Amino acid sequence: MAAVKASEARGDPPLLRAVELARVVAGDGAGIPSADLAGILVSNLCFAHNSPSLWKLVGQAMASRLLCPLHVLALLTSRVLPQRRAQPEAYRLYLELIKCNVTSSSLVMEAGPNRDKITKSIADALQLSKIYGYCGTEFGHVVIMFVLAVVTKLIDSILEDCGFPSGMAEGQEGVYAIEGPQPMDLDVKRVSTENQNEHREQLRRKNTVMALDVLHMMIADRKIQSFLRLIFLNMPEKFSSLSQRLSSIEAHKVALETLLPSGHKINDLLIDIRRVCNANYQPNNKRIVDVLGNMRSGGSLLGQLNGAGRAACWIIFDIYVENAIDGKHLSGISAIEVLKEMTKTLQVLNEASWQETFKALWISALRLVQRAREPLEGPIPHLDARLCMLLALIPLSVAAILKEETDMFGVEGSKILPRRQGLISSLQDLIQYSGLLVPPSSVVNAANAAASKAAIFKSNYNAGVVNSSMVAQTDSSTKAVGNMLHLIIEACISRNLVDTSAYLWPGYVGSSGPLKDTTLSQESPWLNFIKGAPLSGPLIDALVATPASSVGELDKLYNIAANGSEEEKTAAAKILCGASLVRGWNIQEHVVGMVVKLLSASLPSDSSTSTPGNMNHYLSQMSTLNEILLGVSYGDTIHILSLYGMLSSLTFDDGPRLIDQYRIYENPYLIQVPDVAAALMPLCEAFGSIAPPPNHKSTILGETSAYSVFSCAFLCLLRLWKFYKPPQEYCLAGRGGSLRLELTLDYLLLMRNNCIDFSNSSAPSRDSYNNMGSVNEVPAQPVYIDSFPKLRAWYFQNQACIASTLSGLCNKNPVHQVANKILSMICRKMNKGGVSSGNLSSTSSSSVSGSSVNASDDSFQRPAVPAWEFLEAVPFVLEAVLTACAHGRLSSRDLTTSLRDLVDFLPASLAAIVSYFSAEITRGIWKPVPMNGIEWPSPGASLHSIEAEIKEILASAGVQIHSCYPRGVPPMLPLPMAALVSLTITFKLDRSLECIQGVIGQALENCAGGSSWPSMPIIAALWTQKVRRWHDFIVLSCLRSPFGRDKDAVAQLVQSCFSSFLQSSSSGSDITANRGVGALLGDSITNQGLRLPMAPGFIYLRTCRTFHDTYFVSEVILKQVIEWSHKLANGWSFNGPPQLKSGRTSLSCAASMAYQVAMLGGGLLCIAGGPLVVQVLYEETLPTLLLSAREQSLKDPGPVSSTLQGYAMANMLFFCGSLLWGADRTSPVMKLSFLSRRPRVVGTHMDFIAGVLDGHILLGCDPGTWKAYVSSFVFLVVKFVPSWLRDIKLDTLKKIAAGLRSWREHDLALSLLERGGPQAISVVVETML
């Protein structure tokens, strides 16, 4: 300060004084800019030596870089702002310094000890640790925190100077207070004249206006906006302080505009801050090809498409729901969870309104029902599952989406939130789609009843009856014609998604009015049940056939099933598993929960199943359990249970009303498939340990016994995890995991136990809404397979049987003795003819042998052993009889009879038969046997007829295949396959055998798929001869067979999918137009039989799980996307002028279609391959394609084609990832299943991109394709899923940003870094400075 005063005394100008200061600082050895000097000058300036000359010196020192502008401004901010009323001159000069420095490039500083010291001083001066909780000293972070602090303090100053509260949160009143006495009083010249006071008051008012101008200038600056956006994106909790100020400004906006001359800038200020808060990336017009950039940045993509093109953007909905209906694949994840996440993802990707999103979802489900509205007659028609998807699962997924919105924003009176309003509008729009709303014949009565209910309500409403209880008292003779919309509305009303005002929507009830029918409608049996009618035979049959209409009816029924007499429990269980479970769409989730609860409630509190008391408990529940298990085994029921999968808690707007007293929803996740498996395991363990009575002969006769309950429970359990999958799937897994997300018993238990852990950890948060208490609640405990030693032993034996051939047994082994008894039992008829069990097994590697027994001693021939011991011996018995047949010691007829005797005695042995035969078929060690009608059943002429039909259907879909059995070639099958199919055709079509029929059909298909021998046409011909009315169903099932091994057929099918999707008729402007979805998946598959031509997409979805080489499929799909992009580019460029600028509209249309092609490719690939193939696509397939040399047909594609190819590849890759991982997965179930691999997979791919951009990897593709690919992929990630970038290494982000800047993609590079998380903040700041 001595040097400053001396220079001032000499009258030196500010520049010379600054030079003198620099000389003094350099002489002291301090670095420049000097932190100490700034502190000395500011402390004197405020306010001991508060003179204009010193202000000029400080300004000159900042301009000459002797002082750090950021440091000086931080020191002044903490001193001047609190004294702005008493020191208006200092405040004015402070504002001038901010105006000149805060948006300039002079804020940058070289790294070094001085910068670290200055950074710490800035943080201390602004009290960043106290106000914002930031304790670091990293330069980039301090810079953006400085900007945030200055902006918020200026806003507070303006509000306070205008007489309004500043908007500071509680506890921040002392933000501007400076401890200790204020030195400003030392040299303040107190002039009491009125002129002087008036002058200073005017200056204060001008300062407020100038503060607004400075604030407006700062917020409008792109650099400042970028700094604030960094905080908003990466430190939202710190940005909340600015959000509070923004609310205060909005609250006093009108008054501020009136008080301040430049009040119009208030609105500009709010707009600029909202722009900061808009995290969606909006590109500028300088993209690779302007038209592509304009297409994506000029509004939503859907806004540029019309007609069928808009429908095609939702193709993923149609693909998923159709694929989910295939009952040959059970998913452990609820369709509700998948649909919820998929709907949210597509709404973001398509940039659509919620109205259009929900409308597309409803229309996809309506198409699903219409596609098979008159199902083919067969064992499992799947119409019930299709209706379940439309009327239960989709309403529940919509409910979950609306609940998220309600939890986020709350409910304000009668205000309708945007998502719910979108739902209402979408339902109102459905009225116009009469063609999709025609109900299947089986639900016409239900639709008419729903329409009649609405007509009655409307009639009473018009008559002035508004009381709900009075409305319920209606004339039952009123009739109206209904459609699927009436059923949809009822499903939504029952879940509180819409209210009964929907009955008054225009066009909802026919304008002609309800029809009057003189015949009174039949009274619902549930009404009699509620009134107290006893559960007698006729009433039970009526309740089984009629679905319940309310939760109250289910409530009473559940009480009986849980607490009634033995007969009442059995009857209630039978009713519960009847129509209410399959067709009770409005209450189906409750029924599903009750069924699972009843299975679990039947378990004793002690986990041990071996104690006598527990055995008695199980035996006392045997009849009830038998009814539940038979009901679950029927038709589509297991499939429906799997669609519910792992279900989120269904608590809607009216709170936890979902049968809380039974604790069905006691956890935040109701796990259907895993919970059913966990409930079935102790039942299997217990009943499998109980020996049958000595006189036990057959379980097929309908008697309830330990064997029958065990068999039903065991086969149900195995259906949940598909034990009869071809063994190749276990061999082809590779890369440390299965090709698909297949269910295994271990995986089911893992999902259940993980969700229990999650529910226990989140228990406190549930108490707030689950306050109804519980009755005898037993906390859910993890279930491990080790708790069930006998099940565990069989499980490992089954896996060993699949992995290798059986090893020998010594004669004294207990399994050997049981196997001998089983052989004696099944060979009793053959023994009468001189064949002994010892002769059967003399060549068997299992060494099962023994002496002939007396055929008349039936009790000795039947092994009265527990089911587990019986099952353990079955594989050795199978090996013995199969070997005997192969060596001619046992006829084919006797082999079939012995297998049937095994299944009759213990139906669960079918599991061992299928598992053993499947493994043996796959090994290919058995010679084929002629199916000639002599030794084995003959398919006869039906074989060639079936083959011809299969070829005709596939040809209609664009797939040409060769005949497997030309005329004159005798049909043959491997011995295990011949034995298995001969066994299956011996079963009668009886409902009591549903648990067996649910296994054998799938087992036959999978075993045929596991064999290199073309078996399926022969199997189909034999079954067609057995059940002629199933002919079309069987032929449709056989369409899978050619694709298991024939890669050329797979490639043709994929190509046909793309061709039908893009080349079909484009007429029509409706979302239901034929182009795209209709041509791909078909409008109707069945119409008095199979309807030709068959849609290729439908065949693809039915066959994609038989593709053995899914990596090949992914390559084919990717190449199709590239080829179609090339065709689209060439086609549109030829239609327009040669100048790209003039042909912009045509190119935009081509790009829109390329977008649809990419979405189709992503959907087909995800369905066929699952998570692992998507991972390989990211890590290997697409990088390999980009590194490889271009194919001859695509060389020199031209700029338009190469750009579209890169654009389409980027979109396909992005769609696959977003469908699998989403933008923001809120479901722990989805996180458990998919998200764990995302950081590594996406990180590996981004590392590849960075390596190419950095010059370390050489490309083989066209440079234009690469440029378009990188820009498009980065753009999609930045815009739609910025959360992915937080897991990417900072060095990778820097390299990609540098590459983008070299292509003049500066905005995209900056947005990439902005969303890179806290790690990238300093890089962004230094880049901006």
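A quick note: this is a predicted structure, and the numbers were derived from the prediction, not measured.
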Spatial distance of atom [atom1] ([X]) from atom [atom2] ([Y]) [nearest 0.5 Å]:
X       : Y       : atom1 : atom2 : answer
Leu270  : His216  : CG    : NE2   : 10.0 Å
Leu1310 : His1306 : CG    : NE2   : 11.0 Å
Leu70   : Phe139  : CG    : CZ    : 6.0 Å
Ser78   : Gln127  : OG    : CD    : 7.5 Å
Ser241  : Leu246  : OG    : CG    : 11.5 Å
Asp213  : Leu95   : CG    : CG    : 9.5 Å

For the backbone of [Y] and the side chain of [X], can you confirm whether one donor and one acceptor N or O come within less than 3.5 Å of each other?
X       : Y       : result
Asn207  : Pro88   : yes
Asp161  : Thr208  : no
Arg1315 : Ser1311 : yes
Glu257  : Ile266  : no
Ser121  : Lys117  : no
Ser1302 : Gly1299 : yes
Arg419  : Leu402  : no
Arg229  : Cys277  : no
Asn234  : Glu1314 : yes
His252  : Ser248  : yes

Inset, instruction - Report the residue from Asp272, Leu148, Ile144 that forms a side chain to side chain contact (heavy atoms under 4.5 Å, CB included) with Leu228. - result: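 The passing option is Leu148.
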Is it true that [X] and [Y] have a side-chain N and a carboxylate O under 4.0 angstrom from each other?
X      : Y       : answer
Lys403 : Asp407  : yes
Glu138 : Arg115  : no
Glu351 : Lys1279 : yes
Glu89  : Arg200  : yes
Glu250 : Lys253  : no
Arg92  : Glu96   : yes

Check whether any side-chain heavy atom of [X] lies under 4.5 Å from a side-chain heavy atom of [Y], and answer yes or no.
X      : Y       : result
Ile131 : Leu126  : no
Trp354 : Glu405  : no
Ile155 : Leu242  : yes
Met62  : Leu73   : yes
Phe146 : His141  : no
Leu233 : Phe239  : no
Ile231 : Pro236  : no
Ser226 : Val1324 : yes

Inset, instruction - Give the C-alpha distance, both sets of side-chain angles, the deciding distance and a yes or no for side chain to side chain contact (heavy atoms under 4.5 Å, CB included) between Phe1275 and Leu1312. - result: CA-CA 8 Å; Phe1275 160 71; Leu1312 174 70; over 6 Å; no
Looking only at heavy atoms, which two atoms of [X] and [Y] are closest? And how far apart?
X       : Y       : result
Gln1319 : Ile1288 : NE2-O, 2.8 Å
Lys153  : Thr77   : CD-CG2, 3.5 Å
Gly1317 : Arg1286 : CA-NH1, 3.9 Å
Val80   : Cys46   : CG2-SG, 3.9 Å
Tyr91   : Ser157  : OH-CB, 3.9 Å
Leu1293 : Gly1316 : CD1-CA, 3.7 Å

Inset, instruction - Report the C-alpha separation of Ile1321 and Met235 in whole Å, then their side-chain angles, then the decisive distance to 0.1 Å, and conclude whether the side chain to side chain contact (heavy atoms under 4.5 Å, CB included) test is met. - result: CA-CA 10 Å; Ile1321 288 178; Met235 295 181 285; 3.9 Å; yes
Inset, instruction - Apply side chain to side chain contact (heavy atoms under 4.5 Å, CB included) to Phe227 and Arg222, showing your working. - result: CA-CA 9 Å; Phe227 292 164; Arg222 292 188 61 191; over 6 Å; no
Inset, instruction - Taking atom NZ of Lys1295 as the centre, report whether more than 12 heavy atoms of other residues, nucleotides or ligands fall under 6.0 Å from it. - result: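 Yes, enclosed.
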Legend entry - NZ/Lys238: more than 12 non-hydrogen atoms of other groups inside 6.0 Å: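 Yes.
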Inset, instruction - Apply side chain to side chain contact (heavy atoms under 4.5 Å, CB included) to Glu160 and Arg84, showing your working. - result: CA-CA 11 Å; Glu160 289 177 355; Arg84 64 185 183 278; 2.8 Å; yes
Legend entry - Side-chain donor-acceptor pair present, Ser240, Tyr132, cut-off under 3.5 Å: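 No pair is found: no donor N or O on one side chain lies under 3.5 Å from an acceptor on the other.
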Inset, instruction - Over 60° means perpendicular and under 30° means parallel, so classify the ring planes of Phe1214 and Phe1280, tilted if in between. - result: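 It falls in the tilted class, 30° to 60°.
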